[in-house]
Amino acid sequence: MKKVELLAPAGSFEKAKTAFLYGADAVYCGTSSLSLRTRVGIDDEELAKIIEYAHQIEKKVYVALNIYAWDEKYDEIIEQVKLLEKVKADGIIVADGGILEIAKQYAPNIPIHMSTQSNIVSLHSSNFWYKNGAKRMIMAREMSKEQLKYIMKNKPDDMETEIFVHGAICFAYSGRCFLSDFLTGRSANLGSCAQSCRWSYNLYAEERNNPGQLMPIETDEYGTSIFSSKDLCLIKELPEVIEMGIDSLKIEGRLKTQYYIASIINAYRNAIDDYQKDPKNYDYTKYLKELDKVKTRGITTFYFNDRDNKDIQEYSGKQYNEEYEFGGIILENNQNEKNNIVDSQTLSKQHIYTIEIRNRLKIGDIMEIIVPNKIEPVEFIINKLYDAETNEEIDVVNPGKQGQQVKIELPIECQKDWILRRKK
């Protein structure tokens with residue numbers, strides 16, 4: 001069975017580390033101003049750091065330059081492409097034919113990936129970009145499995161394919177949207193999307209003979225989110241995706257937290273590995289159970305199974321998960337620390353760790369440790385909390401400042417950067 005790549009979002013160096021820790025084979029990230037997520041822009045120094053770290057652990061980094069660029073942007077684009085050649089990025093993601101030409105000229109050693117923004121929905125389109133120098137096609141999210149299978153059977157052998165399998169989809173065709181620019185002056189195609197499709201809108205009816213007399217049409221006090229889509233989730237369809245020979249499975253979410261990345265990547269990593277080891281006994285429900293803990297909206301298979309699927313929109317808007325939240329990140333093991341946390345006899349039976357908290361923690365909270373490469377998290381109840389500076393026992397800790405830390409007793413031996421989840 002062909003090895004498939006699990007590709008994760010990385011909005012920062014720390015998020016890239018989390019993605020790799022939890023099983024990503026590669027990450028994709030943007031630049032400071034030339035990708036479609038400029039709010040999580042990564043400067044040149046951090047980008048080089050991510051690439052260096054990835055290569056040390058034999059992972060890959062793809063860099064997005066996928067805006068639709070005006071002419072005045074090209075001097076900056078040329079310098080950015082030169083830098084990517086220097087730091088040896090593993091791929092450049094582009095949507096604009098002009099940027100593709102720049103990439104070929106100034107970074108001849110880096111494979112070019114055509115962004116989903118380039119609306120690749122056919123074998124003909126794939127072949128066009130392939131003949132013009134692109135190595136990988138990131139297929140439009142609107143494609144069905146039958147359309148994908150046709151392309152996989154007829155494409156050149158060395159043409160790579162990538163599809164989205166999880167995360168946000170938007171009202172626009174493959175993300176090419178002008179709504180944000182129209183409403184706010186922030187262009188989605190230049191990386192500044194205001195996510196206008198997620199907003200709630202007030203709707204009004206006007207009787208033709210009484211112009212100006214507007215009658216509100218509302219679903220609730222927040223209006224209705226008429227443009228907002230559900231999130232894509234192909235965990236059930238993963239066997240079909242793998243069997244058709246897709247090269248890379250992409251998770252959306254450069255704006256998401258380390259907790260989200262750890263949870264989603266860990267679920268898909270386990271699902272891929274389990275299927276490839278034992279395809280006959282693949283049970284998607286145990287992975288979906290984990291994905292459900294971090295979803296922010298309803299989920300949909302979009303058009304993958306059925307071009308006529310209408311179960312796509314999330315009219316009630318964002319539905320933040322009401323059961324679980326980000327608990328914290330493990331920073332260090334205090335097992336051998338000579339302090340007054342516990343007496344030496346008790347210390348040998350316990351695992352005391354310093355964690356950086358993300359939400360309020362208190363004695364009695366139900367927590368889960370998300371263990372890399374293990375689908376079942378380790379559940380425990382907080383029995384002991386210690387002040388990170390004084391080692392005194394405390395009952396509660398609040399995230400009153402950035403980087404707030406606490407020492408906590410954990411039930412198993414853990415590693416640095418593992419993620420903790422809190423049940424609300």
Side-chain angles (χ1 to χ4, degrees), residues 8-22 39-40 46 253-267 290-296 318 320-342 346-347 349-372 374 376-424:
S12 68
F13 176 66
E14 292 303 323
K15 290 179 182 179
K17 285 175 59 181
T18 297
F20 290 137
L21 174 63
Y22 281 92
R39 280 179 290 166
V40 288
E46 186 173 18
R254 276 186 282 157
L255 293 169
K256 299 292 178 65
T257 66
Q258 288 170 265
Y259 161 57
Y260 178 91
I261 292 170
S263 301
I264 301 298
I265 296 300
N266 197 52
E290 279 297 291
L291 297 174
D292 277 341
K293 293 178 180 179
V294 289
K295 70 179 182 182
T296 56
K318 292 184 178 180
Y320 291 102
N321 192 287
E322 297 179 352
E323 293 188 39
Y324 294 90
E325 64 184 4
F326 196 172
I329 303 173
I330 296 175
L331 298 181
E332 62 178 322
N333 186 344
N334 303 113
Q335 184 75 13
N336 299 317
E337 196 176 66
K338 295 181 179 180
N339 52 37
N340 297 321
I341 294 181
V342 288
T346 307
L347 183 62
K349 302 177 184 178
Q350 309 206 355
H351 305 281
I352 307 296
Y353 291 84
T354 299
I355 69 167
E356 183 176 303
I357 69 170
R358 286 294 187 272
N359 281 289
R360 185 175 188 264
L361 302 181
K362 66 181 186 302
I363 299 297
D365 278 350
I366 299 174
M367 304 287 290
E368 291 183 350
I369 304 169
I370 305 174
V371 181
K374 182 179 178 181
E376 295 291 342
V378 176
E379 185 176 287
F380 69 99
I381 296 175
I382 297 179
N383 293 316
K384 297 284 185 180
L385 286 173
Y386 305 94
D387 186 278
E389 296 178 357
T390 67
N391 295 325
E392 295 179 358
E393 284 197 38
I394 56 176
D395 294 327
V396 63
V397 59
N398 293 296
K401 63 180 180 180
Q402 187 173 3
Q404 178 73 42
Q405 298 178 11
V406 71
K407 290 179 182 177
I408 187 171
E409 177 185 320
L410 300 179
I412 62 171
E413 186 174 346
C414 299
Q415 302 295 324
K416 186 178 184 300
D417 296 326
W418 285 13
I419 301 295
L420 301 180
R421 175 191 290 145
R422 175 184 175 271
K423 190 170 185 178
K424 295 182 182 180

Apply side-chain contact (heavy atoms from CB on, under 4.5 Å) to residues Val397 and Ile408 and explain how you reach the verdict. CA-CA 11 Å; Val397 59; Ile408 187 171; over 6 Å; no

Just wondering, do Lys416 and Tyr353 contact through their side chains at under 4.5 Å, heavy atoms? no

With a 4.5 Å cut-off on side-chain heavy atoms, are Leu385 and Val396 touching? no

Provide the closest heavy-atom pair for Pro399 versus Ile357 in the form atom of the first, atom of the second, distance. N-CD1, 3.6 Å

Supply the atom-to-atom distance Glu413 CD to Asn333 CG, rounded to the nearest 0.5 angstrom. 6.5 Å

The test is side-chain contact (heavy atoms from CB on, under 4.5 Å); show your working for Ile330 and Gln415 and say whether it passes. CA-CA 7 Å; Ile330 296 175; Gln415 302 295 324; over 6 Å; no

Counting C-beta onward and ignoring hydrogens, is there a side-chain heavy-atom pair between Ile382 and Lys362 closer than 4.5 Å? no

May I ask you to decide if Ile419's main-chain N or O and Tyr22's side chain share a donor-acceptor pair within less than 3.5 Å? yes

Please report the interatomic distance OG1(Thr18) to CD1(Ile265), rounded to the nearest 0.5 Å. 10.5 Å

Side chains of Glu46 and Ser12: does their closest heavy-atom pair fall under 4.5 Å? yes

Kindly compute the distance separating CD1 (Ile412) from NE2 (His351), expressed to the nearest 0.5 Å. 8.0 Å

Go through it in stages, so that I can follow the logic: the residues are Phe326 and Asn359, the test is side-chain contact (heavy atoms from CB on, under 4.5 Å), and I'd like the CA-CA distance, side-chain angles, deciding distance and then a yes or no. CA-CA 7 Å; Phe326 196 172; Asn359 281 289; 4.0 Å; yes

So, does Asp387 use its side chain to make a donor-acceptor pair with the main chain of Glu392 at under 3.5 Å? no

Quickly, which of Arg358, Met367, Glu356 forms a side-chain contact (heavy atoms from CB on, under 4.5 Å) with Leu420? Name it, please. Met367

How many angstroms lie between NZ in Lys15 and CG in Leu255, if you round to the nearest 0.5 Å? 7.0 Å

Could you give the distance from CZ (Arg422) to OH (Tyr259), rounded to the nearest 0.5 Å? 11.0 Å

Option passing side-chain contact (heavy atoms from CB on, under 4.5 Å) with Trp418 (candidates Leu21, Leu410, Ile329, Ile370): Leu21

Grab the two heavy atoms, one from Ile261 and one from Lys256, that are nearest each other, plus how far apart they are. CD1-O, 4.2 Å

State the CD-CD distance between Glu376 and Glu368, to the nearest 0.5 angstrom. 9.0 Å

Quick check against the 3.5 Å criterion: does Asp365 have a side-chain atom that pairs as donor or acceptor with the backbone of Lys423? no

Are side-chain heavy atoms of Arg421 and Glu290 found at a separation under 4.5 Å? yes

Looking at side-chain heavy atoms only, is the closest gap between Glu323 and Lys293 below 4.5 Å? no

For Asn391 and Tyr386 the tightest heavy-atom approach is O-CD2, 3.6 Å

